[in-house]
Amino acid sequence: MVAQTFVQDFIEFITKGIQMMETKRSRLPAAGILFLGLMLGIPACARKTPSGPDKPVLALVMKSLANEFFKTMEEGARQHHQERASQYDLKVVGIKNEEDVSQQIKYVETLIAQKVDAIVIAPSDSKALVKVCKQAMEAGIVVVNIDNKLDAEVLASNGIKIPFVGPDNRKGARLAGDYLARRLQAGDAVAIIEGVPNAFNGIQRKLGFEEAMKASGMNIVSSQSGYWETAKANQVAAAILTSHPALKAILCANDSMALGAMAAVKAAGKTSDVHIVGFDNIEAVQTLLREGRILATVDQHGDKLAIYGIEYALDILKGQTTPADKETPVDLITAETLR
Amino acid sequence: MKRFSWKLPVWLTDYLGMAGALAILLAVFGFTAENFFSRSTFLIIADQVPDITILAVGMTFVLIIAGIDLSVGSVMGLSGTVVGALLVNAGQPVWLAVMAGVVVGFGCGLLNGLVTVRWSLPSFIVTLGMMEIARGAALRVTQSRTIYIPGYLDFITETRLLGISLPFLLAVGIVLLAQLVLSRTVFGRYMVAVGTNEEAVRLSGINPRPIKLVVFALSGLLAGLASIIQTARYQANPNNGQGVELQVIAAVVIGGTSLMGGRGSVISTFFGVLIISVLETGLAQANAQESTKRLITGAVIVAAVILDYYRQRIRHGKAG
Amino acid sequence: MNQIRPVILELRGIGKSFGPVRAVDAVVLRLQGGQVHALVGENGAGKSTLSKIMAGMLAPDGGQMMLDAKPYAPSNRNEAEQSGIRIVTQEFNLISTLTVAENIFFNDLPRSCGVIRYSTLNEKASRLLQQIGLDFIHPTSRAGDLPVGSQQLVEIASGLSRQCRLLILDEPTASLTDKETELLFSQIKALCRQGAAVVYISHRMEEIRRIADVVTILRDGRVVCTDTMDSLTTGEIVNRMVGRDWSDEYRRTTPETGPVALRVEHLSVGKKVRDISFVAHRGEILGFAGLMGAGRTEAMRAIFGADPIDSGRIYLHGSQRPSRIASPKDAVRHGIALLTENRKEEGLLLIKSIRSNCTLASMEKFSTAGYVRSAREKKHVGGLADRLRLRCWNTEQAAWELSGGNQQKLVVAKWLSTECDILIFDEPTRGIDVGAKFELYHLLSDLARRQKAILVVSSDLKELMLLCDRIAVMSAGRLVEVFDRKPFDEAAINRAAFREYVHPVHSQEHERNA
C-alpha cells in the first residue's frame, strides 16, 4: 500500500498547489510548480510497487466501477486480499465507461510496463483486448480472463490460450427461462430486453432466454435492446406492452432493466398478468422477488467472480495447475430460494 | 409609416409547423406499428416525457442566454440518489427527502452559475466538469448500488387527475409557466437580450450576471425536480440520466431554440420532447432493429433543424 | 479625362430583389480603366447591393455583366478576386484574432510545405504598409487590438495588396482621419495610373468631388444619371440623390443654456485619458473633437461606467457630492446614456424587434411586479417611433432590417425611454446617409431644446462645428481647450488637436501642477 500512500501524498501536493494559486498574487510560479509536480508525479505514481521477494503482484482489470456488478466484484476481491495480504499484492483498475475499450488497453499496457506477475481481466471487448493480453503473456505475465469471455476465434488466430474463469451466462439465462416457462402455457407471448447489442454476456443471456422459450413453445414477439439502463428498458417495455397487449412475460438481461420493465408493467396496470425475469441478483431486486413483482433472477456470484480468477491465477503462479477454462457456479434466485 | 400586424401568422407557423411534424410522425406509426393508436400508447408517452420535459425547460432557458448545461443528466442522477439514500438508508420522511433532492439540484445549478459568471468561463466546460462531479457524488452516495425505494414515492406516479398522471400535469404546468416567464416578464426579456448581445445589455445599464446566475440555478433546480419523478419510477440508480443531456439538447433544438442564444420557445421545446418521445415509442412498438432506430432518430433530428432554418427564412422574408 | 479608356466592367440591366423589395433595378454601368467612378445615393438606394453583385458576393437575378467584353458571372467572392475584382466593405472582414500581416495576405499566405513562413509574411506586410504610409501599424499586432480607423486602413491595404483590375471601396473613409484619408487617396491615384478602375462609394461630397472622375447617382435601386464630376454641382447631386430639395439646411439656433448637468474633474483612465475636467449644461450640445486615439471614446465610456476609471470625480445635476458610477447600471440610474460608436455590436439587439430594443433599458416602466405590460409598451414605442420619424413597417420588425440612420434613431429611442438627462453620442453619424444625417442633427438639437445635456464625439469637425454650442478638443488623452461658438475657428481647433503630440513637454508641466 506504499502506492496508495504515495497517491495520497501526491493528491495533497496538488491540493496545496491549487491553494497556493488561489492565495498568492503571483499565479504563474504556483501554476508552474503545480505543472512540474504533475510531470514528476505521474511517472512516480506508476512506479512498481516494491514487494517482498516471493510475494506476487496481481492486477485486477475491471470494466466500469460505476457499475454495481463490478463494484461488488471489486469489493469481494479486496476483502479476499485483506484476508491474505501476506500471500499477494493487489492492484485494481477500472475504466470509466463500459465501452471505453482503448482506456482498458492502455491500463493493461501500463501493467505490463510495471511488470506485475498476473493480470486478471474482465475485458470490455471480447476481441479488441486479445492483442494486448498476448503482449502481457509474452512478457511472462499470467493472464486470467473473467466475466466476459475472450473470443475463441481471435485467440486461436493469435495462437494463444487464455484460461477463462467464469459463469456460463447462457446456462444461467436458460435456468431462469425454464423456471419462467413452468408458469406459462405454450404459445404465450413473451419479450426479451437485451443488453448493449455487442456485449458478449448480453448476447449469451439473450441466447439462453431464447433457448428456454423455444424449448417450451413460447412465442417471442419482440426482442429489443434496453442498453442495460432502467429508463431505456422502461421505454421499450412500455412500447412492447402496448403493441402486444397479450404479453405474459418480459425477460431482461440485467436487473436494472428489470426495474424499468417493472415500472412499465405497473403503469400499464398489468402487475399481476406479466412476469418479469432479471439477471445479476442486485440488492434492489431482492425485496421485489419476495413480493413476487419480479419472478426470478440469476446470481453468478459477482462478489466471488474476481476471487475465483485471483485464486486461479495464484494457483498457476505456484505451478499447481495448468491453464484451462474453469466454470464457476450460477444459481437461480426466486422467492423460494430467498426464504 | 404604415403599420400592420403579422404577429399572429408567425405564432401560427411556429406551432402549426411543430404540430404538423408531430402529426405526420403519429400517422406514420399508426400505419407501421401495432396498436399504436390506443389509449395506452398515449399514456406511455405521457409517462415517458415529464422528466425530460422538465429538464428541457431549464435547458431552453440556458440555451437562450447562449449557454449550455451538460450537467443536467448527472445532477438529476445525484438528486435521485440523495432522495433514495435519505429515504431508505437514513429513514428520513418523504417530504424531507424530496426537498433535499430538489435543493441538491438547485445547489449544483447555482455552483454552475457562480463559476461561469464569476470567472466569465464558457458554460460548456464548467457544466462538463459538474457532469463528472455530480456523477461521482452519485456513485459515492450509493456506493454504486441501486437503492430500491419500497413504495414511499408511489403517490407521485399513481396520483391521477382525470386519468392524467401527476408528473405529466406538473411538467405541462412548468412548461406553461416557463413560457409565460419567457414571453411576458421582464426577466424573460432580459434573458433573450443577454443571449442576443450581452455587451449591448450591459451598456443598456442592466447587469447580465445575476440573470445568467439565476438561469443556471433554475436549470439545476428543475433537474432536481425531474429526479423526483425519475426516482419514483425507476428507483435510485446512480447511473440514472446518463446521456440524457444530449437527448434534452436535441429536443430543445428540434423545438427551434438556437444554440447561439437569443431565440427560443418553451412550448416549441415541449413539441420537440413529444416528437422524440413519439419517435422512440413508435420505433419500439414497430419492433424496429437497433440500427434502424438510431438511423431514423438521427435523421429526424437533422431534418427538424433544417426545417427550422427554412421557417426562420420564411419569417424574415428577405435576406440580410 | 478623355473617353478612349478601355471599359473594364460593364453592367447591362442588372437587377436584384430581396423578397418583395427590388433593391437594384435595371442598372447600366460602364467602368473604365484609370477612372474613379463614384456611386452615390441614400442608404438603401442600392449602392452596397450593386457592389456586392460586382464582387461576386450576391448573384443578380436579371441582366448581365461583361468583364473585358466577356461574360462575367462570379459565383462567389473568391472567383471575383481571381478575375481581379476586389471589394473593401463597410463591415470589417478582418479576423480580429489574426495579426495584421496574416489578414492582409490571408488568401495568399507565403508558405513552404503548408507551413507559413512568418518572416517572409511579416516582411512583405511591413513593406506594403510602409509603401502606403501605414508604417505606424505593426504587421504582427493583432487586428482586433487596433483602433477602428486603423482596422479600416488595414482592410484597405489588404485590398490594395493584390493584383487588381477593379477595386470597389464602400465607405472607406468612414472612420479615417484626414491624414489617413490623404494616404488612401494617393493610393487610389496610384492604382488608376496602373490602369485599374475604382468604384468609390461615399456619403462625403467633398471627398467625391476631390477623387472621382465620374459619378453615378442611384435612387431606389435605379440609376438617376451618370455624369462627369465637373458637370454637376454638389447641390445638384444631393438633390438628385434624395429626390427633393435640401435648401432648408440645418442651423443651430442660439441655445438657452440651463444649469450644470455634468461636471467631470480630473478623470484619468490608464494612459488613454489623462486628467480631464469639463462641465456640460442642460440644453447644450458639447462636442468633443480630436484625432483618432485622442482618448475621447475612452473618456465617454469611463463617464458611463463602461470601463473602470483610475481616478477622478463626476458630479451630476449640480450636486456638490460626487456620484459613484462603477457600472453602466449606475450611470443609467443617474440619468446618463451612452450611444456607442459601434451601434450594431454594442447598442442594439439586431435580431430583436424594434419594440424590445426600444424598451430594453427601461423595462421597469413597462412592467408591474416583473410582468410586462404589453399594451403600455406598444403604445409607448409606437408614439416614440412616430415622434422620431423612425422609418419601419411596424415595431415588430427586427432592428437589422433598418437603415443605419434609423438604427441610430432606435438607439436614441431606447435612451429617451429611460428619461435620461445626459446623452453621450459617440460618432452618431458614422455610416449614415446625408438625408438621415440632417434629420439626426435636428433630433439632437430638439433634445437640447428639451433641456437635455448632449455630448457628441465626432471625427467630422465640420459636423461638430455645425451642431455644437461648444467644442472641447482632446489631444493625446488630455482635454487641451474648449472653444465657444462665436463662430468656431476651424484652424485653431485643428491646431489644438495636435498640441499634445507636438509639445509633449506641456503635459509634464501639467502633471507637476496637478
Side-chain angles (χ1 to χ4, degrees), chain B residues 1-11 14 64-66 177-211 214 256-264 310 312-320, chain C residues 17-21 23 58 301 304-306 327-333 336-340 342-352 356-357 359-364 366-367 369-374 382 385-386 389-398 400-401 411 414-415 418 420:
Chain B
M1 208 170 309
K2 216 166 53 175
R3 290 206 186 90
F4 57 87
S5 173
W6 52 18
K7 194 178 174 191
L8 190 67
V10 165
W11 281 74
D14 263 20
I64 283 175
I65 62 159
L177 190 68
Q179 181 64 44
L180 193 77
V181 167
L182 180 60
S183 58
R184 288 277 180 271
T185 67
V186 176
F187 181 71
R189 192 70 71 82
Y190 284 171
M191 273 198 303
V192 171
V194 167
T196 309
N197 187 340
E198 194 176 328
E199 186 59 9
V201 169
R202 190 177 82 92
L203 291 177
S204 294
I206 300 153
N207 188 351
R209 293 170 151 225
I211 297 160
V214 168
T257 296
S258 165
L259 280 173
M260 315 308 281
R263 184 164 66 83
Y310 282 104
Q312 292 302 317
R313 292 251 311 216
I314 291 165
R315 182 199 290 206
H316 288 309
K318 52 193 173 177
Chain C
S17 295
F18 295 114
V21 180
L58 283 174
R301 285 180 64 93
F304 186 64
S327 69
K329 191 176 172 175
D330 294 341
V332 172
R333 210 178 50 233
I336 308 177
L338 173 70
L339 294 86
T340 60
N342 302 320
R343 61 180 165 269
K344 284 183 182 175
E345 290 80 20
E346 299 176 345
L348 289 171
L349 309 173
L350 283 178
I351 59 165
K352 294 295 155 198
S356 46
N357 269 292
T359 56
L360 177 65
S362 53
M363 282 312 293
E364 70 284 355
F366 304 100
S367 58
Y371 188 85
V372 180
R373 308 300 293 263
S374 311
D386 279 336
R389 297 203 286 148
L390 193 69
R391 263 175 230 107
C392 57
W393 295 105
N394 67 29
T395 54
E396 292 308 310
Q397 221 179 327
W400 61 263
E401 294 176 61
V411 183
K414 172 173 86 176
W415 289 116
T418 68
C420 54

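So that the names make sense, note that chain A is the first sequence line, chain B the second, and so on, each numbered from 1.
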What distance separates [X] [atom1] from [Y] [atom2], expressed to the nearest 0.5 Å?
X         : Y         : atom1 : atom2 : answer
Lys414(C) : Leu203(B) : NZ    : CG    : 7.5 Å
Ser204(B) : Lys329(C) : OG    : NZ    : 13.0 Å
Thr196(B) : Lys352(C) : OG1   : NZ    : 4.5 Å
Met363(C) : Thr185(B) : CE    : OG1   : 8.5 Å

Return the minimal non-hydrogen interatomic distance between Gly262(B) and Ile351(C), and the atom names on each side.
O-CD1, 4.4 Å
Can you tell which part of [X] gets under 4.5 Å to a heavy atom of chain B, answering side chain, backbone, both or neither?
X         : answer
Arg301(C) : side chain
Thr359(C) : side chain
Ser356(C) : both

Counting heavy-atom pairs under 4.5 Å with chain C, the top scorer among Glu198(B), Glu199(B), Arg189(B) is Arg189(B)
Which one of Leu350(C), Val332(C), Val372(C) has the most heavy-atom pairs closer than 4.5 Å to chain B?
Val372(C)
Pairs of heavy atoms under 4.5 Å with chain B: top-ranked of Ser362(C), Ala306(C), Ser374(C):
Ala306(C)
Under the ring pair (Phe, Tyr, Trp, His ring centres under 6.0 Å) rule, collect the residues that match up with Phe366(C), sequence neighbours excluded.
His380(C)
For Val411(C), which residues count as a side-chain contact (heavy atoms from CB on, under 4.5 Å) partner, sequence neighbours excluded?
Leu339(C), Arg343(C), Leu348(C), Gln408(C), Trp415(C)
